[in-house]
Amino acid sequence: MTTSPTLPQRRGRDREGTSMIVGVTGHRFYDAPTAAWLRSRVREILASWADDGDVRLVSSLAEGADQLVARVAVDLGLPLEVVIPATGYRDSLQEAFRFGLDELLAAAESVRTLDHDAPGEAAYLEAGLEVVSRSDRLIAVWDGEPARGTGGTAEIVEAARDRGVAVVVLWPDGYERSHQG
């Protein structure tokens with residue numbers, strides 16, 4: 001079991017209850033049918049939360065789940081806040097995800113780049129913790145398995161739970177995560 005790092009104070013809804021902030025964390029790779037299933041579930045969840053009031057999404061726009069959930073949020077007209085882990089982050093992504101990053105950055109309401117000179121585990125961990133610290137709820141595209149490195153999905157989910165952030169785990173029954181990522 002990993003020890004959860006210390007997190008900054010969680011922001012949450014303001015006094016007037018005008019916004020619920022939803023964060024995202026998750027795995028990077030899955031097949032097309034699984035991506036379609038995830039998009040459908042995320043759309044249902046975000047739309048139902050938006051029916052109850054204003055919803056904003058915060059994401060680091062990592063490959064896979066982060067971009068998938070952000071795309072659904074933008075398609076639903078929800079504001080997007082972005083936390084970029086480090087300078088040079090775009091170049092660290094696989095080419096297929098760079099275009100998605102560019103599109104989502106253009107649609108974002110705010111973008112903050114953390115003070116790291118290069119992407120790496122420390123930057124990814126800090127970005128994940130920043131997402132958690134700003135979130136009322138966290139969508140985790142997660143198979144329930146331990147993290148494969150510092151700042152992995154399992155570590156961010158554990159940090160969210162430790163802080164009392166409601167976590168919604170999405171993963172299709174019987175689907176095994178690719179060993180790609």
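Applying the side chain to side chain donor-acceptor pair (under 3.5 Å) criterion to D115, with sequence neighbours excluded, gives no partner residue. Residues passing the salt bridge (Lys or Arg N to Asp or Glu O under 4.0 Å) test with E126, sequence neighbours excluded: none. For E103, the salt bridge (Lys or Arg N to Asp or Glu O under 4.0 Å) criterion is met by R71, not counting sequence neighbours.
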TODO: Carefully, step by step, assess L46 and V72 under the rule side-chain contact (heavy atoms from CB on, under 4.5 Å).
DONE: CA-CA 8 Å; L46 289 177; V72 172; 4.2 Å; yes

Open item on the list: Before you tell me yes or no, could you show the steps for L78 and L57 under side-chain contact (heavy atoms from CB on, under 4.5 Å), namely the whole-Å CA-CA distance, both residues' side-chain angles and the distance that decides it to 0.1 Å?
Closed with: CA-CA 7 Å; L78 304 179; L57 184 81; 5.6 Å; no

TODO: Quick one: do L170 and L38 satisfy side-chain contact (heavy atoms from CB on, under 4.5 Å)? Show the steps, please.
DONE: CA-CA 7 Å; L170 298 177; L38 289 167; 4.1 Å; yes

Open item on the list: Working note: I139 + W49, criterion side-chain contact (heavy atoms from CB on, under 4.5 Å); need CA distance, chi angles, decisive distance, verdict.
Closed with: CA-CA 12 Å; I139 293 175; W49 290 344; 4.1 Å; yes

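With hydrogens and angles ignored, the 3.5 Å screen pairs no side-chain donor or acceptor of E155 with any backbone N or O of T150. Checking side-chain atoms of S19 against main-chain N and O of I21 turns up no donor-acceptor pair under 3.5 Å. For Y30 (side chain) and W171 (main-chain N/O), no donor-acceptor pair under 3.5 Å exists by modelled atom type. R163 places no side-chain N or O within 3.5 Å of a backbone atom of S133 that could act as its donor or acceptor partner. Distance alone, capped at 3.5 Å, is enough to place a donor-acceptor pair between the H27 side chain and the D143 backbone. With hydrogens and angles disregarded, no donor-acceptor distance shorter than 3.5 Å links the side chain of W37 to the backbone of R41. With hydrogens and angles disregarded, a donor-acceptor distance shorter than 3.5 Å links the side chain of Y89 to the backbone of A62.
Smallest separation of non-hydrogen atoms from L80 and A70: CD1-CB, 4.1 Å. Of all the heavy atoms in V111 and A108, the pair that sits closest is CG2-CB, 3.9 Å. In this structure, I84 and L105 approach most closely via the heavy-atom pair CD1-CD2, 4.1 Å. Smallest separation of non-hydrogen atoms from A159 and L129: CB-CD2, 3.7 Å. A107 and V74 make their closest contact through CB-CG1, 4.0 Å (heavy atoms, listed as atom of the first residue, atom of the second, distance). Contact record, P119 with A86: N-CB, 3.5 Å, taken as the closest heavy-atom pair.
Side-chain polar atoms of D66 and S60 form a donor-acceptor pair below 3.5 angstrom. T34 and D31 are linked by a side-chain donor-acceptor pair at a separation below 3.5 angstrom, with hydrogens and angles left out of the test.
Side-chain contact between D136 and V22 is absent, with no heavy-atom pair separated by less than 4.5 Å. Counting heavy atoms from C-beta outward, V83 and V58 have side chains that approach closer than 4.5 Å. Contact of the V157 side chain with the W142 side chain is registered, since non-hydrogen atoms from C-beta on lie closer than 4.5 Å. Under the 4.5 Å side-chain criterion, counting only non-hydrogen atoms from C-beta, R39 is in contact with L68.
F99 and L61 fall into different hydrophobic clusters, where Ile, Leu, Val, Met, Phe, Trp and Tyr residues are linked whenever their side-chain heavy atoms come under 4.5 Å apart, directly or through other members.
Of the inter-residue distances, the one linking S92 atom OG with Y124 atom OH reads 4.0 Å to the nearest 0.5 angstrom. The distance from atom OG1 of T153 to atom CZ of R28, rounded to the nearest 0.5 Å, is 9.5 Å. Atoms CD and CD, from Q67 and E63 in turn, are 7.5 Å apart once rounded to the nearest 0.5 Å. Atom CZ of residue F97 and atom CG of residue L104 lie 11.5 Å apart, to the nearest 0.5 angstrom. Residue M20 holds its CE atom at 11.0 Å from OG of S135, rounded to the nearest 0.5 Å.
Comment: R90 engages D102 in a salt bridge, judged by a side-chain N to carboxylate O separation of less than 4.0 angstrom. By the 4.0 Å N-to-carboxylate-O rule, E81 lies too far from R112 to be salt-bridged with it.
Considering L138, V167, I156, V132 as possible partners of R161, the one that fulfils the side-chain contact (heavy atoms from CB on, under 4.5 Å) test is V167.
Counted within 6.0 Å of CG on D51, heavy atoms from surrounding residues, nucleotides or ligands total more than 12; the atom is thus considered enclosed.
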